[in-house]
Amino acid sequence: MNRTIVWFRRDLRIADHAPLYRAAQRGAVIPVFILDRALLHHPETASARVAFMLECLRSLDADLRERGGRLILRSGNPVDVLPQLIRETQAEGVYAYTDFERIYGRVRDARLNRALAQQQLKIRWFEPLGTVADLVTAQQYREVWYGDMKAAIVPTPSRIQVPPEVSSDPIPSLAAVGHLNDGKPLPPASTKAARQLLQQFIEQKTTRYYWQLSYPSAEATSGLSPHIKFGVISLRECYQTVQLLKNMPDERIQRSRKQFISRLRWNSGFAQRFRYLPQLEVRSLYQEFEEADEAFDETLYQAWQQGHTGFPIIDAAARCLLATGGWQALNFRTRACYASFLSNLLGIDWRYGALHFMRHLIDGDCPIDHYQWAMQAGITSAIDLSWTRIYNPGQVAVKRFDPEGQFIQQWVPELRHLPTEHLGLPLLVKDYPLPIVNYQQARARRIQQLEQRRQVFMKQGNIVPYLTRLPQSVVPFGADRYESEVGWATLPDCDLFPAGLDLDALDLEQATALRTWFMAPVGVNPRSTSQRRSQVAVQEAQLTLL
């Protein structure tokens, strides 16, 4: 009987899983997950995210056992483990989805390809949903994405035969993999739980999701982000389940459905940008922004991390992240405001913010986290628009994001006695700090910095000469601040699989296609202050009506 190893990575499910289904059709399957210290102890690894992953592995093992199989767990460097496992099990080769979340993973997979080829062993890579290997325009990618989402879901194997003699390590405790429990509550970790969350979202939140998404206290998000990050449920299943609402007459549900699908697509779009430009993990998009505008200030950084800035909405976001891992309570808009404060008002490099987020987010996904951090810092500005998004963190932010004051009062209890209209910038409250920065002055300074640097590449027909390249050293950012396993980055062969774009080899047509990924959507323009105020008022009215 044929034997195939299925290497699970960020696809911890048995439903809508092409490598597993194809392997099960061929014969026996060896479903393996490898605990890799380079990922377990990456500078950006969060202990809570590892804890959630271990629970996902237990659920995956249970799902495999329901169909006669089991999960095979090994520890070590996959470049060594997988060739050995092929020989041990007499498997014909390995099936796996490609993964381009991190530079490390791409270096690892390039080394694995080389090692297997040298030993005349085989691996078949499958394209993940919503991605494309070729350089296409952003509009062409949109069509690819919708095509993938509309395609039939890959059947779940009815039976998964795992050779009984193949040994497995037990799924370890968090402490056994070198992490300490930091007290963050974990979401339920299973495909069944993800489907329940999706159904709860459909039944309880789609009448208000579109309008309340910006309000953290509304808890309008689906809560699916950790499950999507680890592939516990496929994007296609989420898309097709929500599309069942398409014929519902309620306009509120239709707006929420479209918004939810847009966010699924944005998720994939950030990953696709990283596929093209892996340097975005460690560098800014444009070379012009690689030099820091201001010296790093550790005191300001720690005040921002711990929630002691003197701006209640920022401090509430900081404390919420530390306590919960942000997977449900810290929604997109609140994260954006919190991020913008660090980069735009405190003048600290966006990479320090991305590092802190990734060390605490349970749903932390490198392409999403890093690209949006750079966006909020204003350094991925659309090349056809000079657009700066700097949130006013005072009373304006309270009115816009937390109009009832519930989020602030939950996470900044020393301000619970204050009325909502005084939660923006409280004066001389005992045990609460004064603001660490002058908003108006910091904002003016940042806008001047951004506008000066943007002039170098704004409205250029070919942006390729202005883009950063992959640095010679691929040591992850933050390795100097936290104990990490980064020896892989010091070895000489740091090729990538899949390879990023060779920017210096692009012709004009290819450069034009790449440019489309960094343009503002058609018809989108920066709103004036009066327009923004009007929109906030409308959203608040809608919230009241609901």
Side-chain angles (χ1 to χ4, degrees), residues 10 42 44 98-110 127-128 130-142 144-145 265-291 349-351 353-355 358 364-384 453-454 456-458 460-477 489 494-521:
R10 296 197 305 129
H42 189 283
E44 292 188 347
T98 58
D99 184 14
F100 34 88
E101 181 191 14
R102 288 202 174 278
I103 290 173
Y104 164 69
R106 294 165 82 152
V107 170
R108 172 203 61 206
D109 291 353
E127 189 71 22
T131 66
V132 57
D134 298 328
L135 174 57
V136 298
T137 67
Q139 183 58 39
Q140 289 169 332
Y141 170 76
R142 181 188 177 101
V144 168
W145 190 87
R265 181 166 52 82
W266 294 344
N267 176 311
S268 301
F270 293 131
Q272 187 67 30
R273 287 178 175 88
F274 268 55
R275 180 165 194 161
Y276 293 149
L277 303 174
Q279 56 265 42
L280 294 178
E281 179 182 342
V282 292
R283 306 197 75 179
S284 300
L285 176 62
Y286 299 107
Q287 296 177 22
E288 191 64 26
F289 287 110
E290 273 303 287
E291 184 179 341
D349 190 310
W350 66 269
R351 283 166 282 213
L355 173 67
M358 288 298 291
D365 184 289
C366 181
I368 299 172
D369 180 70
H370 284 225
Y371 197 84
Q372 295 212 55
W373 258 98
M375 285 175 60
Q376 297 307 325
I379 61 174
T380 58
S381 175
I383 53 178
D384 51 341
R453 295 200 170 196
R454 288 172 180 168
V456 176
F457 56 84
M458 283 291 293
Q460 294 291 330
N462 183 359
I463 63 169
V464 169
Y466 306 95
L467 299 178
T468 56
R469 271 56 176 172
L470 190 68
Q472 285 190 338
S473 172
V474 291
V475 174
F477 186 85
C494 280
D495 297 331
L496 304 185
F497 176 80
L501 291 178
D502 182 353
L503 295 176
D504 298 318
L506 298 184
D507 60 28
L508 184 57
E509 182 180 356
Q510 293 170 318
T512 302
L514 182 60
R515 188 182 189 275
T516 65
W517 286 89
F518 307 105
M519 297 175 64

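Just so it is clear, the model here is predicted, and its values are computed rather than measured.
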Heavy-atom closest pair (S268 atom, Y141 atom, distance to 0.1 Å) is CB-OH, 2.9 Å
Heavy atoms of W517 and A138 approach each other most closely as NE1-N, 3.7 Å
Requested in this report: Assess the pair F100 and F274: is the distance between their ring centroids shorter than 6.0 Å?
Outcome: no
Worked check of salt bridge (charged side-chain N to carboxylate O under 4.0 Å, His left out) between R106 and E101:
CA-CA 8 Å; R106 294 165 82 152; E101 181 191 14; over 6 Å; no
Rounded to the nearest 0.5 angstrom, the CG-CD distance for L470 and E281 is 9.5 Å
key: Worked verdict on Q287 versus F457 for side-chain contact (heavy atoms from CB on, under 4.5 Å)   = CA-CA 10 Å; Q287 296 177 22; F457 56 84; over 6 Å; no
Notebook entry, point to check: Any chance the side chains of E290 and S284 put a donor and an acceptor closer than 3.5 Å?
Noted result: yes
Quiz item: Between W350 and F289, does the ring centre distance come in under 6.0 Å?
Solution: no
On a heavy-atom basis, the closest approach of G378 and R454 is O-NH2, 3.0 Å
Value for CD1 (I368) from CE (M358), rounded to nearest 0.5 Å, stands at 9.5 Å
> Quick one: are P367 and L280 in side-chain contact, heavy atoms under 4.5 Å?
Replying inline: no
d(Q460 CD, Y466 OH) to nearest 0.5 Å is 3.5 Å
Are T131 and E127 linked by a side-chain donor-acceptor pair shorter than 3.5 Å?
yes
CD1 of I379 to CZ of R283, rounded to nearest 0.5 Å, is 11.5 Å
I'd like to know whether Y276 forms a side-chain contact (heavy atoms from CB on, under 4.5 Å) with L501, so could you lay out the CA-CA distance, the side-chain angles of the two residues, the decisive distance to 0.1 Å, and finally the verdict.
CA-CA 5 Å; Y276 293 149; L501 291 178; 3.6 Å; yes
Might you work through the side-chain contact (heavy atoms from CB on, under 4.5 Å) test for L496 and V107, ending with a clear yes or no? CA-CA 5 Å; L496 304 185; V107 170; 3.4 Å; yes
So the side chain to side chain donor-acceptor pair (under 3.5 Å) pairs with at least one residue in residues 501-513 (sequence neighbours excluded) are R469-D504
Within 45° cone of Y286 ring axis and under 6.0 Å: R453 NZ or CZ: no
Output for pair (L285 CG, H370 NE2), nearest 0.5 Å, gives 14.5 Å
CG of L135 to CZ of R275, rounded to nearest 0.5 Å, is 11.5 Å
Closest heavy-atom pair, V282 versus P476, reported as atoms and distance to 0.1 Å, is CG1-CA, 4.5 Å
Heavy-atom nearest pair, A489 first then C494, reads O-SG, 4.0 Å
- prompt: Do W373 and R351 come close enough that some side-chain heavy atom pair is under 4.5 Å?
  reply: no
Hits for side chain to side chain donor-acceptor pair (under 3.5 Å) against R515, two or more places apart or cross-chain, chain-then-number order -> none
Here the pair of heavy atoms bringing Q279 nearest to P471 is CB-CD, 4.5 Å
Parallel, tilted or perpendicular: which one describes the rings of Y371 and F270, with boundaries at 30° and 60°? tilted
